[in-house]
Structures are given as structure tokens and as C-alpha cells.
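The structure under discussion appears below in the form of C-alpha cells.
Residue numbers begin at 1 in each chain, while the letters A, B, ... track the order of the sequences.
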Protein chains: 2
Amino acid sequence: MRLTTKGRFAVTAMLDLAMHGGKGPVTLAGISQRQSISLSYLEQLFGKLRRHTLVDSVRGPGGGYTLARSLERVSVADIITAVDEPLDATQCGGKENCHDEQRCMTHDLWAKLNDKMYEYLDSVKLSDLVAQQATRKNAVSVLQDKRGKEAAVSA
Amino acid sequence: MRLTTKGRFAVTAMLDLAMHGGKGPVTLAGISQRQSISLSYLEQLFGKLRRHTLVDSVRGPGGGYTLARSLERVSVADIITAVDEPLDATQCGGKENCHDEQRCMTHDLWAKLNDKMYEYLDSVKLSDLVAQQATRKNAVSVLQDKRGKEAAVSA
DNA sequence: ATATACTTGACGGAATTTATCGGGTATTCG
DNA sequence: CGAATACCCGATAAATTCCGTCAAGTATAT
């Protein structure tokens with residue numbers, strides 16, 4: 001799990017798609033104008049999103065992209081992992097070329113931290129983000145409630 | 001808050017420093033050998049860590065680096081923010097050049113996600129990581145307990 | 001007191017990632 | 001049928017990350 005601007009752009013674009021996708025396909029040109037992300041970069045990102053079956057594409061005039069699943073079934077973690085690809089994270093990932101003395105010291109560490117990151121980002125769905133955008137005033141409450149829910153489950 | 005290999009290297013190095021720092025300063029050459037991180041890169045990282053008052057440097061023979069605070073007062077978030085520097089994250093950060101229609105749509109979103117990331121990473125201290133390394137067998141339990149504690153607080 | 005061994009600190013280049021530009025292909029409407 | 005629209009996919013440019021090299025500083029031993 002890696003957090004970069006690439007993943008952020010992807011989530012922003014998907015949120016825009018979710019908010020404007022009520023009336024047929026949404027063009028990347030529209031997302032580009034609204035979110036000020038270059039069209040070429042959007043094409044690259046949506047290519048990966050499509051291959052990971054997060055969106056469907058419709059070619060030709062009047063075409064564009066649509067969400068492949070319902071809002072509740074797409075999490076932030078899904079989007080980020082789709083565009084950011086692997087990242088071994090532990091530097092010895094599958095290679096097992098760790099040192100003798102304290103082999104894989106960082107392995108357990110990052111594995112656990114990654115799990116925590118993923119767990120949280122996976123608990124936030126596109127539907128949550130849309131709801132958060134709908135009511136701009138108390139946008140905080142949504143995620144706060146989300147945390148409370150997660151905490152209750154883990155307890 | 002950005003998660004890259006840079007921050008991971010820094011945390012790994014700080015953990016090594018914490019585990020070997022009982023008997024005076026620790027040399028970067030030692031950390032480099034143990035963790036297989038290039039000495040040059042470590043020098044760059046520890047320059048930032050020193051400027052953020054996370055470590056103290058001792059020059060001359062027998063010199064090296066020591067922790068500037070106690071183990072409980074250094075969190076993973078401290079380390080990552082020290083080496084990763086700014087990152088506006090919201091693309092309109094302080095510039096306020098957002099678009100008219102949905103200005104700063106991503107602002108609230110990433111601000112909240114960042115807060116959550118930071119909150120968790122700040123709850124994990126170096127002392128926790130050292131304890132986790134001490135008992136390799138059930139290393140999972142440490143962070144699991146940590147989560148339970150955090151959940152109890154937030155409830 | 002001075003030379004020396006050992007350290008941190010700063011500058012510059014290779015490799016990876018991020019972001020962009022161009023041509024190409026499929027689909028729909030006139 | 002043909003032309004416009006919009007997705008698709010290669011290669012290219014910019015930025016960041018990562019690492020090697022050199023200069024500056026300090027304590028110890030002579």
C-alpha cells in the first residue's frame with residue numbers, strides 16, 4: 001500500500017465520475033476540465049481502472065466511462081491498489097534475501113502497518129465520499145462515524 | 001502524509017538506532033551494514049532527522065547518532081513527516097486556486113484521510129516497534145493491542 | 001601542538017516514477 | 001457511407017528518488 005499523488009488523482013477522478021455518472025457515461029474531457037487533471041494522465045489511470053474492472057468504457061460519440069459496480073462496493077483501497085500496482089514494501093518481499101542476524105526485521109513491521117492502512121482505506125467507500133461532498137458543512141461527521149463503526153467491529 | 005520507500009527506510013533506520021543505541025552513539029556505517037541501506041542515503045535521511053530534532057549527532061571518533069528523545073516520544077508519524085517534508089496533497093493547499101463550481105472538492109477528503117493516517121501512525125511509537133522486535137514469535141499481538149486501545153479511546 | 005583517524009555535511013549523477021504528447025482504432029450519428 | 005467523437009496505446013519529457021563522491025569538522029594519540 002503506497003500513498004502518492006497518483007492514487008489521489010485516481011480517487012478524485014472516481015469521485016467525480018460517481019457524482020456526474022447519473023446520466024450516462026462521463027467523458028474524461030469533462031473530468032479533466034472539472035478537476036484540472038490532464039486528459040492524457042486520466043487516460044492512463046482509467047486504463048488501469050478498467051483492467052481492474054472498476055469502470056466500464058463506452059466508445060464512440062456519447063461514450064465515456066461508467067462505474068462497473070455500485071457506490072458501496074468501491075473502496076478507496078480498491079482504487080489506489082488498481083493504479084499503484086505492486087510495491088513489495090519489505091525490500092525482501094518474496095526474494096528472502098534478508099540478512100542472517102536480524103533477517104526480515106522490517107518484514108513484520110511493514111506488513112502490519114500496511115494491513116492497517118489497507119483496512120482503513122478499504123472501509124471508506126465511494127458512497128461515503130459522495131455523501132461527504134453532498135453536505136459540505138459538516139463533512140467531518142461522515143468519516144468520524146466511519147471510524148466509530150470500525151472501532152466497534154474490531155473491539 | 002505520504003507513504004513511500006523513503007519513509008520506510010527512515011523508520012527502519014530509526015528502529016535499528018533504537019535497538020543498538022544502548023551503548024553510546026551508533027554509526028551510520030553500522031546501520032548501513034545491518035539494514036543494507038546505502039550509507040549515502042542514510043546520511044541524507046539523518047540530516048533531515050537531525051534538523052527535526054529527532055536525533056543528535058556526535059562528531060569525531062566514537063561518534064555517531066543518538067536518539068534525541070525517549071522511545072515513547074518518537075512516533076512513526078514523526079519520522080515519516082521529518083524525511084518526507086511538505087506535500088500539499090490537496091493540489092490547492094494554501095493557494096486557493098480551486099475551481100468555481102466545486103472548489104476544493106478534494107480538500108476536505110484528503111485532509112480527513114490524512115488525519116486518519118497520521119492519527120494511526122502517530123499512535124505507534126518506537127518503543128512499540130522495539131517490543132515487537134524483541135518477541136518475534138507473536139509480533140502481531142503488539143499492534144493488535146494497539147488498535148484495540150485506539151478503538152477504545154475513539155469510542 | 002600537530003597529525004591522523006573517524007565522523008557528519010553538502011554537491012552531483014544514474015535510476016525509477018510521474019506526467020505528457022502523439023498517432024491509432026472503434027463506435028455512433030447525419 | 002463518411003465524418004466526428006472518444007477511448008486506447010505506444011513513446012517522450014519532467015520530476016523525484018536513490019546513491020556515489022568529495023569536502024568539512026572533531027576527538028584521540030603521539
Side-chain angles (χ1 to χ4, degrees), chain A residues 1-13 17 20-21 24-68 80 82-89 91, chain B residues 2-13 17 20-21 24-33 35-68 80 82-89 91:
Chain A
M1 176 65 59
R2 175 171 48 173
L3 278 184
T4 68
T5 57
K6 194 174 187 176
R8 277 182 239 268
F9 280 144
V11 173
T12 299
L17 175 57
H20 293 84
V26 178
T27 69
L28 293 189
I31 298 178
S32 174
Q33 288 181 4
R34 283 188 296 269
Q35 306 301 332
S36 56
I37 304 173
S38 86
L39 179 59
S40 311
Y41 200 32
L42 281 176
E43 289 172 349
Q44 180 177 328
L45 293 178
F46 274 79
K48 291 186 176 181
L49 292 174
R50 187 180 61 82
R51 281 187 283 274
H52 282 80
T53 66
L54 288 177
V55 297
D56 288 325
S57 64
V58 180
R59 302 176 81 123
Y65 284 94
T66 59
L67 288 175
I80 290 180
V83 298
D84 261 339
E85 302 286 355
L87 175 67
D88 50 29
Q91 128 181 359
Chain B
R2 175 172 46 175
L3 278 185
T4 68
T5 56
K6 193 175 188 176
R8 278 182 238 267
F9 280 146
V11 174
T12 300
L17 175 59
H20 293 84
V26 178
T27 69
L28 293 188
I31 298 179
S32 174
Q33 288 181 3
Q35 307 302 331
S36 54
I37 304 174
S38 89
L39 178 60
S40 313
Y41 200 33
L42 281 175
E43 291 170 350
Q44 179 177 332
L45 293 178
F46 273 79
K48 291 186 176 182
L49 291 174
R50 187 183 59 83
R51 281 187 283 275
H52 283 80
T53 67
L54 287 177
V55 297
D56 289 325
S57 65
V58 180
R59 303 179 79 118
Y65 284 94
T66 59
L67 288 176
I80 291 180
V83 299
D84 262 339
E85 302 285 356
L87 176 66
D88 49 30
Q91 132 181 358

Residue whose closest nucleotide on DNA chain C lies nearer the 5' end, B/Ser40 versus B/Thr27: B/Thr27

Under 4.0 angstrom between A/Arg51 side-chain N/O and D/dC7 OP1 or OP2: no

Any B/Arg50 side-chain N or O less than 4.0 Å from OP1/OP2 of C/dG9: yes

Have a look at [X] and say if it touches a base, only the backbone sugar-phosphate, or nothing, with a 4.0 Å heavy-atom cut-off.
X: A/Ser57; value: sugar-phosphate
X: B/Gly62; value: nothing
X: B/Tyr65; value: sugar-phosphate

Which heavy atom of [X] sits nearest to which heavy atom of [Y], and what is that distance?
X: B/Val26; Y: B/His20; value: CG2-O, 3.3 Å
X: A/Gln35; Y: A/Thr12; value: OE1-CG2, 3.5 Å
X: B/Ala82; Y: B/Leu49; value: CB-CD2, 3.9 Å

[X] [atom1] - [N] [atom2] separation (whole Å):
X: B/Leu42; N: D/dT17; atom1: CG; atom2: C1'; value: 15 Å
X: B/Leu49; N: C/dG9; atom1: CG; atom2: C1'; value: 14 Å
X: B/Leu17; N: C/dT7; atom1: CG; atom2: P; value: 15 Å
X: B/Leu3; N: D/dT17; atom1: CG; atom2: P; value: 13 Å
X: B/Leu39; N: D/dC22; atom1: CG; atom2: C1'; value: 13 Å
X: B/Phe46; N: C/dA10; atom1: CZ; atom2: C1'; value: 17 Å
X: A/Asp56; N: D/dC8; atom1: CG; atom2: P; value: 10 Å
X: B/Arg8; N: D/dT17; atom1: CZ; atom2: P; value: 14 Å

Rounded distance (nearest 0.5 Å) linking atom CG of B/Leu28 with atom OH of B/Tyr41: 14.0 Å

Interatomic spacing from CG in B/Leu67 to CG in B/Leu17 - rounded to 0.5 Å: 4.5 Å

How would you list, by chain and number, every residue that makes a side-chain contact (heavy atoms from CB on, under 4.5 Å) with [X], sequence neighbours excluded?
X: B/Thr66; answer: B/Pro25, B/Asp56
X: A/Thr27; answer: A/Ala29
X: A/Ser40; answer: A/Ser38

Side chains of A/Lys6 and A/Leu45 in contact at under 4.5 Å (non-hydrogen atoms): yes

Heavy-atom side-chain contact between B/Phe9 and B/Val83 under 4.5 Å: no

Might you list the N or O atoms of the protein lying below 3.5 Å from N or O atoms in nucleotides 25-30 of chain D, with each pair's distance?
residue: D/dG25; atom: O4'; partner: B/Arg59; partner atom: NH2; Å: 3.0

Side chain B/Ser57, main chain B/Tyr65, donor-acceptor under 3.5 Å: no

Test item: A/Arg2 side-chain N/O and A/Asp84 main-chain N/O as donor-acceptor pair under 3.5 Å: yes

Kindly give the atom pairs (protein nitrogen or oxygen, nucleotide nitrogen or oxygen) under 3.5 Å for nucleotides 13-15 of chain D.
none

Under-3.5 Å donor-acceptor pair between A/Glu43 side chain and D/dC7 base: no

Where do N or O atoms of nucleotides 15-19 of chain C meet protein N or O atoms at under 3.5 Å, pair by pair?
residue: C/dA19; atom: OP1; partner: A/Thr5; partner atom: OG1; Å: 3.1
residue: C/dA19; atom: OP2; partner: A/Tyr41; partner atom: OH; Å: 2.2

